[in-house]
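Note that the structure is predicted; figures quoted are calculated from it, not measured.
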Amino acid sequence: MADMQPKPAKIERLDNDYTRRLNRQHAAAHHTGWLRHRRIRRALRIGAVFAVFAIILGIQLVRTNASLHTVDQQVATSKQQLKRTKADSQDLKLQIKQLNNQDYLGQLIRSKYYYSKSGETIYSLPGDHANDVTAK
């Protein structure tokens, strides 16, 4: 057993029509399997590229939707603020109009600061809720 060389094969292939046909069928089957494997790999690569693009586009859609929601909230807040500002503006315009009226102005000064016309006497009653001049 010291010399372990392979022995020459005692089997020899026949070269006839039948064996050639079998060899062609085997080669065709091997070639078909190789093509099938190659096509499967190509389909997987195309699917992977498509999946990457789908994921990227999906992420973009989610980000855009979140951004749209944020902008909608800002618009709603701005509309509420505009509404309050318009109401305040209307109140201030009314106040300006009233302050231009001499009768209203005189009544306001008398009630708020306890001023009186000459000959008038001001009585302060316990239920009177007029603002005190010294409270401010």
Peer 1: Could you tell me the separation between the CD atom of Gln107 and the NZ atom of Lys112, rounded to the nearest 0.5 Å?
Peer 2: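 Rounded to the nearest 0.5 Å, the CD-NZ separation comes to 13.5 Å.
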Peer 1: For the backbone of Lys97 and the side chain of Asn101, can you confirm whether one donor and one acceptor N or O come within less than 3.5 Å of each other?
Peer 2: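 Such a contact is absent between Asn101 side chain and Lys97 backbone.
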Peer 1: By the rule that ILVMFWY residues connect when side-chain heavy atoms come within less than 4.5 angstrom, directly or transitively, which residues belong alongside Leu22?
Peer 2: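 So far as hydrophobic clustering goes, Leu22 is joined with Tyr18.
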Peer 1: Report the residues that fulfil salt bridge (charged side-chain N to carboxylate O under 4.0 Å, His left out) with Asp103, sequence neighbours left out, ordered by chain and then residue number.
Peer 2: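 Per chain and number, Asp103 pairs via salt bridge (charged side-chain N to carboxylate O under 4.0 Å, His left out) with no residue.
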Peer 1: Which residues pass the side chain to side chain contact (heavy atoms under 4.5 Å, CB included) test with Leu105, not counting sequence neighbours?
Peer 2: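 With neighbours one apart ignored, the set is Leu99, Gln102, Ile109.
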Peer 1: NZ/Lys86 to CD/Gln90 distance, rounded to the nearest 0.5 angstrom?
Peer 2: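 These two atoms lie 9.5 Å from each other.
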Peer 1: Which residues end up grouped with Ile40 if you chain together Ile, Leu, Val, Met, Phe, Trp and Tyr wherever their side-chain heavy atoms are less than 4.5 Å apart?
Peer 2: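 Same cluster as Ile40: Leu44.
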Peer 1: Could you note down all residue pairs passing salt bridge (charged side-chain N to carboxylate O under 4.0 Å, His left out) where residues 23-45 supplies at least one of them, sequence neighbours left out?
Peer 2: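 Output for this query is empty, none listed.
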Peer 1: Walk me through whether Asn16 and Thr19 qualify under side-chain contact (heavy atoms from CB on, under 4.5 Å).
Peer 2: CA-CA 6 Å; Asn16 60 20; Thr19 56; 3.0 Å; yes
Peer 1: Linking directly or through intermediates, with side-chain heavy atoms under 4.5 Å: list the remaining ILVMFWY members grouped with Leu82, chain and number order.
Peer 2: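 The other cluster members (ILVMFWY side chains, heavy atoms under 4.5 Å, direct or chained): none.
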Peer 1: Residues two or more places apart in sequence or in another chain: which of them pass salt bridge (charged side-chain N to carboxylate O under 4.0 Å, His left out) with Asp88?
Peer 2: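 With sequence neighbours excluded, Asp88 shows a salt bridge (charged side-chain N to carboxylate O under 4.0 Å, His left out) to no residue whatsoever.
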Peer 1: Quick one: which residue pairs count as a side-chain hydrogen bond (donor to acceptor under 3.5 Å, both in side chains) with a foot in residues 51-80, not counting sequence neighbours?
Peer 2: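 Residue pairs passing side-chain hydrogen bond (donor to acceptor under 3.5 Å, both in side chains), neighbours aside: His69-Gln73.
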Peer 1: Kindly give the cluster partners of Val62, where membership spreads through any ILVMFWY side chain lying under 4.5 Å from a current member.
Peer 2: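 For Val62, no cluster forms, as it stays isolated from other hydrophobic side chains.
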